[in-house]
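Here is the structure we will look at.
Numbers restart at 1 for each chain; the letters A, B, ... are given by sequence-line order, proteins then strands.
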Number of protein chains: 2
Amino acid sequence: MAASIVESGSIDLSNALEDRGLRRTAARSAVTGRIEQLNDAFTAENLCRDLPDVGRATVYRTIRHLVDAGALCKLPILDGAPMYSIARVDHHHHTICVRCGAVGEFRHSTVERVLRSLEKEIDGDIVGHRMEIFITCRACLGDQHAIKKTSR
Amino acid sequence: MAASIVESGSIDLSNALEDRGLRRTAARSAVTGRIEQLNDAFTAENLCRDLPDVGRATVYRTIRHLVDAGALCKLPILDGAPMYSIARVDHHHHTICVRCGAVGEFRHSTVERVLRSLEKEIDGDIVGHRMEIFITCRACLGDQHAIKKTSR
DNA sequence: CTCTAATTGATACTTGATATCAATAAATGT
DNA sequence: ACATTTATTGATATCAAGTATCAATTAGAG
Ligand SMILES: [Zn+2]
Ligand SMILES: [Zn+2]
Ligand SMILES: [Zn+2]
Ligand SMILES: [Zn+2]
C-alpha cells in the first residue's frame, strides 16, 4: 500500500508508478528522472520543454499517474497552469513564493486541530482541505532583482 | 475606500464597479444583476450561457473587475474553470462541496492564529494565505441522487 | 522468441480565456 | 440639446492548457 520511501523521506517516483501496476518504460523514466533532478515545483509545460523527446501526452499522463499515486502534489495557481511538487511528507501544506514561485512544505498540527473545531460549525461532512501560505521567500527578500523563474 | 454594503452584508456589485471609476453600462448591469440573482458560486461560462446577449469578453472583463474590487472571490478548482462567489464578509475561507460544487464561507480566528505561529517556522515573509475545506454538504448527504450542478 | 496488452506520440481537438479593433454608448462641457 | 471625448462593447481571431484518437512501438509474460 505505502509507496517506497527513499532516504530523503520522499517517495521514489518510478516505484510509485510500478506500485500502481504501470510498466517501467523509457519515457516514464525520463519524466520521473527529470522531476527528481529538479528541486523546485514545476509545471507540465516545464517538463515538456525539458524533455523534447517525450511526447506531450506522455508527460501529462505520467504526471497524472504520479498525482493519483500521491507522489506529486498538484497546486492550483490562481492564474495559469498548476504547479507540481514532490510530496515529501505524508500530510502537509504549501508555501508559495509570490515573487519566484518557489514551493515549500510545512506541517502544523494546529491546522488539523482547526479543522476538528470547525466540524460543528460546518454544514456537512468534511472530506478534505487545502491550505497555502503565500510568502516572499528568503532568497527573494535578499535579492531585489529576482525574476520569476516560471517564465511565460 | 470600503465598497458599499447592502443589508445582507455583501457588497453591492454595481457600486463596487462604480467605486473603481468604471461606467455603469447595460452589459455590466446584466452581469452584476445575474450574479446577485444566483445564490451559488458560478463559473464564467455559466454567466455566458445565462446572458447570451452579453459578449463573452465583457463577461470575463466584468468578472475580473469584480475580483480586483474584492467583491468576488476567485476559487481555483483542481480541474477546470475557477468558480466565483460573492465575498460576503471581509476575510474568510471557503467550503466547497465535492459532490454538487456548492460554495460556503467560514471565518475562524484560529486560522489566523495558526498563521502567526507559523511565522517563525517559515523561511520568508507571509504575504497571504488561502484555505479551502472540502465537504459533502447537508443537501448532498440527504440526497443520494444529487447531480453535479455545474454541468460540463 | 512469441505473443499480447500496455504504452507511445503525432495530430487533431476541446476548453477557458485574452487580444484586436471598428462600432457604439456614456459622460462632460457648451 | 448637441458636439466632443473617452470608455466600453462584442465579433472575431488567437492563445494556452490539456485531452482524445489511433496506428506504430515496446514491455513483460510465457
Ligand atoms: Zn506537497
Ligand atoms: Zn522567492
Ligand atoms: Zn453538495
Ligand atoms: Zn484567513
Side-chain angles (χ1 to χ4, degrees), chain A residues 13-35 41-69 72-84 101 148 150-152, chain B residues 13-35 41-69 72 74-85 101 148 150-152:
Chain A
L13 300 181
S14 286
N15 289 345
L17 294 178
E18 209 165 46
D19 288 353
R20 307 207 97 213
L22 298 169
R23 289 180 177 175
R24 192 176 284 269
T25 68
R28 285 180 182 146
S29 296
V31 173
T32 56
R34 180 63 188 147
I35 293 173
F42 58 89
T43 64
E45 289 305 318
N46 289 157
L47 282 190
C48 288
R49 263 181 253 139
D50 294 350
L51 302 168
D53 294 340
V54 179
R56 301 172 45 71
T58 301
V59 169
Y60 276 93
R61 278 187 294 238
T62 306
I63 290 174
R64 191 150 17 104
H65 285 310
L66 290 168
V67 172
D68 291 348
L72 284 186
C73 300
K74 181 174 180 175
L75 306 174
I77 301 303
L78 217 45
D79 299 285
M83 302 203 66
Y84 299 90
K148 266 230 156 213
T150 51
S151 56
R152 300 182 152 279
Chain B
L13 300 181
S14 286
N15 289 345
L17 294 177
E18 207 165 46
D19 288 353
R20 305 205 98 213
L22 298 169
R23 290 180 179 176
R24 192 177 283 269
T25 69
R28 285 180 182 146
S29 296
V31 172
T32 56
R34 180 65 188 144
I35 293 173
F42 57 91
T43 64
E45 289 304 319
N46 288 345
L47 281 190
C48 288
R49 265 181 252 139
D50 294 350
L51 302 168
D53 295 339
V54 178
R56 301 172 44 72
T58 300
V59 169
Y60 276 92
R61 278 187 294 235
T62 305
I63 289 173
R64 192 152 15 106
H65 286 309
L66 290 168
V67 172
D68 291 347
L72 284 185
K74 181 174 182 175
L75 306 174
I77 301 302
L78 220 44
D79 299 286
M83 302 203 66
Y84 299 90
S85 77
K148 266 229 154 211
T150 49
S151 57
R152 303 178 149 281

Problem - No-H, no-angle donor-acceptor pair, R24(B) side chain to dA26(C) base, under 3.5 Å - result: no
Handout entry: Between dT15(C) (P) and M83(B) (CE): distance, integer Å
Key = 17 Å
Problem - K74(A) and I63(A): CA distance, side-chain angles, deciding distance, side-chain contact (heavy atoms from CB on, under 4.5 Å) verdict - result: CA-CA 9 Å; K74(A) 181 174 180 175; I63(A) 290 174; over 6 Å; no
Practice task
Verify the contact: side-chain N or O of R56(B) to OP1 or OP2 of dG16(C), cut-off strictly under 4.0 Å; return yes or no.
Solution key: no
Practice task
Please report the C-alpha distance between L47(A) and V54(A) in whole Å, then the side-chain angles of each, then the deciding distance to 0.1 Å, and finally whether the side-chain contact (heavy atoms from CB on, under 4.5 Å) criterion is met.
Solution key: CA-CA 9 Å; L47(A) 282 190; V54(A) 179; over 6 Å; no
Exercise for the section: Output yes when a side-chain donor or acceptor of R56(A) lies under 3.5 Å from a complementary backbone atom of C48(A), and no otherwise. Expected result: no
Exercise for the section: Return the value, rounded to whole Å, for the distance between atom CZ of R49(A) and atom P of dA16(D). Expected result: 11 Å
Practice task
Ignoring hydrogens and angles, answer whether the base of dG9(C) and the side-chain atoms of R61(A) contain a donor-acceptor pair closer than 3.5 Å.
Solution key: yes
Problem - Along DNA chain C (nearest heavy atom to each residue), the more 5'-positioned of E45(B) and E18(B) - result: E45(B)
Fill in the blank from the handout: Between the CG atom in L72(A) and the CG atom in L66(A), the distance rounded to the nearest 0.5 Å is 4.5 Å
Completion exercise
Side-chain contact check for R23(A): nearest option of dA5(C), dG10(D), dG18(D) is dA5(C)
Handout entry: Distance below 4.0 Å between Y60(B) side-chain N/O and dT18(C) OP1 or OP2
Key = no
Completion exercise
Rounded to whole Å, CG of D79(B) lies from P of dG16(C) at a distance of 12 Å
Problem - Nearest listed nucleotide, side chain of A27(A), among dA17(D), dA17(C), dG9(C) - result: dG9(C)
Handout entry: Integer-rounded Å distance: dG10(D) P and I63(B) CD1
Key = 14 Å
Exercise for the section: Using whole Å, report how far CG of L78(B) lies from P of dA17(D). Expected result: 17 Å
Problem - Rounded distance (nearest 0.5 Å) linking atom CD of E18(B) with atom OG1 of T32(B) - result: 11.0 Å
Completion exercise
Considering only heavy side-chain atoms of R28(A), the closest of dT7(C), dA17(D), dT9(D) is dT7(C)
Practice task
Please report, rounded to the nearest Å, how far the C1' atom of dG18(D) is from the CG atom of N46(A).
Solution key: 15 Å
Exercise for the section: Using a cut-off of strictly less than 4.0 Å, decide whether T25(B) has a side-chain nitrogen or oxygen near OP1 or OP2 of dT9(D). Expected result: yes
Problem - Gap between atoms CZ and P, on F42(A) and dA17(D) respectively (whole Å) - result: 15 Å
Handout entry: Atom-to-atom span, CG of L47(A) to C1' of dG9(C) - whole angstrom
Key = 16 Å
Exercise for the section: Could you work out which one of dT7(C), dA19(C), dT9(D) sits closest to the side chain of L22(A)? Expected result: dT7(C)
Practice task
Among the candidates dG18(D), dG9(C), dT19(D), find the nucleotide nearest to the side-chain atoms of R64(A).
Solution key: dT19(D)
Practice task
Using only side-chain N and O atoms of T58(A), determine if any of them is under 4.0 Å from OP1 or OP2 of dT7(C).
Solution key: no
